[in-house]
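Let me begin by presenting the structure, written as structure tokens, before commenting on it.
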Amino acid sequence: MPQIPEKIHELTVGQLAARSGAAVSALHFYEAKGLISSRRTTGNQRRYTRDTLRRVAFVRAAQRVGIPLATIREALAELPEERTPTREDWAHLSEAWRSELDERIKQLNRLRDHLTDCIGCGCLSLATCVLSNPDDVIGERGAGSRLMPEPRTRKPRGRGTGPGPEERG
């Protein structure tokens with residue numbers, strides 16, 4: 001892992017990428033989404049403060065456990081401007097995110113446990129389809145798939161592009 005001398009207080013995007021393990025494109029994306037920020041030099045090059053390393057680590061750790069970027073951005077927005085998330089910040093936020101993750105785990109377990117019941121049925125209205133149609137609510141509307149868009153049917157027209165004989169009057 002490349003070391004950055006302590007006397008360097010700002011990092012280029014390449015240095016930040018090398019040190020954080022994030023791709024340059026990911027860093028640009030994080031910046032566009034408001035997760036990190038930079039200043040521009042007179043030559044229009046990005047410069048990041050050293051504490052951006054911790055913010056990137058925070059974002060990547062939260063992403064690894066499945067937290068959406070919008071939720072991460074909201075969490076970072078609660079911190080005072082330019083402040084790096086601390087261990088206490090992570091503990092507080094991870095506790096708040098725990099119930100969301102528990103619910104997601106429960107949904108994934110349900111998906112895993114019922115996957116073989118649903119593969120290939122295609123109708124999405126069977127009484128046993130606990131994934132897409134719990135309690136067969138959609139089955140009350142009739143047979144077949146009700147969640148899939150209906151194909152649009154076109155009226156057949158005559159040879160010409162004008163109105164047919166019944167429309168000419």
Side-chain angles (χ1 to χ4, degrees), residues 1-122 124 129-135 137-138 145-152:
M1 182 177 327
Q3 294 297 315
I4 300 167
E6 281 294 319
K7 64 182 178 179
I8 296 178
H9 298 288
E10 290 187 319
L11 309 172
T12 66
V13 70
Q15 289 170 323
L16 182 60
R19 184 68 177 88
S20 69
V24 169
S25 59
L27 296 172
H28 290 170
F29 180 76
Y30 292 163
E31 189 169 354
K33 294 296 180 184
L35 299 166
I36 61 174
S37 62
S38 67
R39 74 168 185 87
R40 297 293 183 130
T41 66
T42 55
N44 204 29
Q45 296 175 338
R46 289 177 169 93
R47 292 295 184 264
Y48 299 91
T49 57
R50 289 179 70 91
D51 66 327
T52 306
L53 281 167
R54 185 173 299 219
R55 288 180 78 91
V56 171
F58 181 90
V59 169
R60 295 185 78 202
Q63 279 187 295
R64 273 195 293 279
V65 296
I67 304 300
L69 285 179
T71 304
I72 298 168
R73 182 179 50 247
E74 289 169 9
L76 289 171
E78 292 178 14
L79 300 175
E81 189 63 32
E82 299 300 319
R83 198 189 94 202
T84 302
T86 64
R87 180 179 298 243
E88 291 78 25
D89 293 327
W90 179 257
H92 173 73
L93 291 168
S94 64
E95 185 61 36
W97 293 335
R98 184 174 298 278
S99 63
E100 182 182 331
L101 291 173
D102 287 343
E103 182 58 32
R104 211 174 293 151
I105 289 166
K106 195 164 52 173
Q107 288 172 349
L108 286 170
N109 283 332
R110 195 168 40 245
L111 174 63
R112 181 202 59 216
D113 295 344
H114 296 288
L115 191 60
T116 56
D117 297 340
C118 194
I119 289 179
C121 79
L124 305 177
C129 191
V130 296
L131 298 175
S132 298
N133 185 23
D135 303 319
V137 174
I138 298 171
S145 173
R146 298 289 177 242
L147 297 178
M148 303 297 280
E150 296 283 329
R152 296 178 74 179

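Quantities reported herein were computed from a predicted structural model and do not represent experimental measurements. We're numbering straight along the sequence, starting at 1.
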Do the side chains of [Y] and [X] get nearer than 4.5 Å, heavy atoms only?
X     : Y     : result
Gln63 : Leu69 : yes
Arg47 : Thr12 : yes
Phe58 : Ile72 : yes
Gln45 : Arg40 : no
Leu53 : Leu11 : yes

What closest approach, in Å, do [X] and [Y] show between heavy atoms, and which atom pair accounts for it?
X      : Y     : value
Glu31  : Arg46 : OE1-NE, 2.9 Å
Ala23  : Ala17 : C-CB, 4.4 Å
Leu76  : Arg55 : CB-NH2, 3.5 Å
Tyr48  : Ser37 : CD2-O, 3.3 Å
Glu100 : Pro68 : OE2-CD, 3.6 Å
Arg60  : Ser20 : NH1-O, 2.9 Å

Backbone N or O of Lys106 within a donor-acceptor pair of the Asn109 side chain at under 3.5 Å?
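Not confirmed, Asn109 side chain does not pair with Lys106 backbone.
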Does Arg98 have more than 12 heavy atoms from other residues, nucleotides or ligands lying within 6.0 Å of its CZ?
no
Above 12 or not: heavy atoms from other molecules or residues under 6.0 Å from CZ of Arg39?
yes
Donor + acceptor pair across side chains of Ser99, Asp102 (<3.5 Å)
no
Ile36 side, atom CD1; Leu16 side, atom CG - distance, nearest 0.5 Å:
6.0 Å
Atom CZ of Arg54 and atom OG1 of Thr86: how far apart are they, to the nearest 0.5 Å?
8.0 Å
Once ring pair (Phe, Tyr, Trp, His ring centres under 6.0 Å) is applied, what residue pairs with a partner in residues 13-40 remain, sequence neighbours excluded?
none
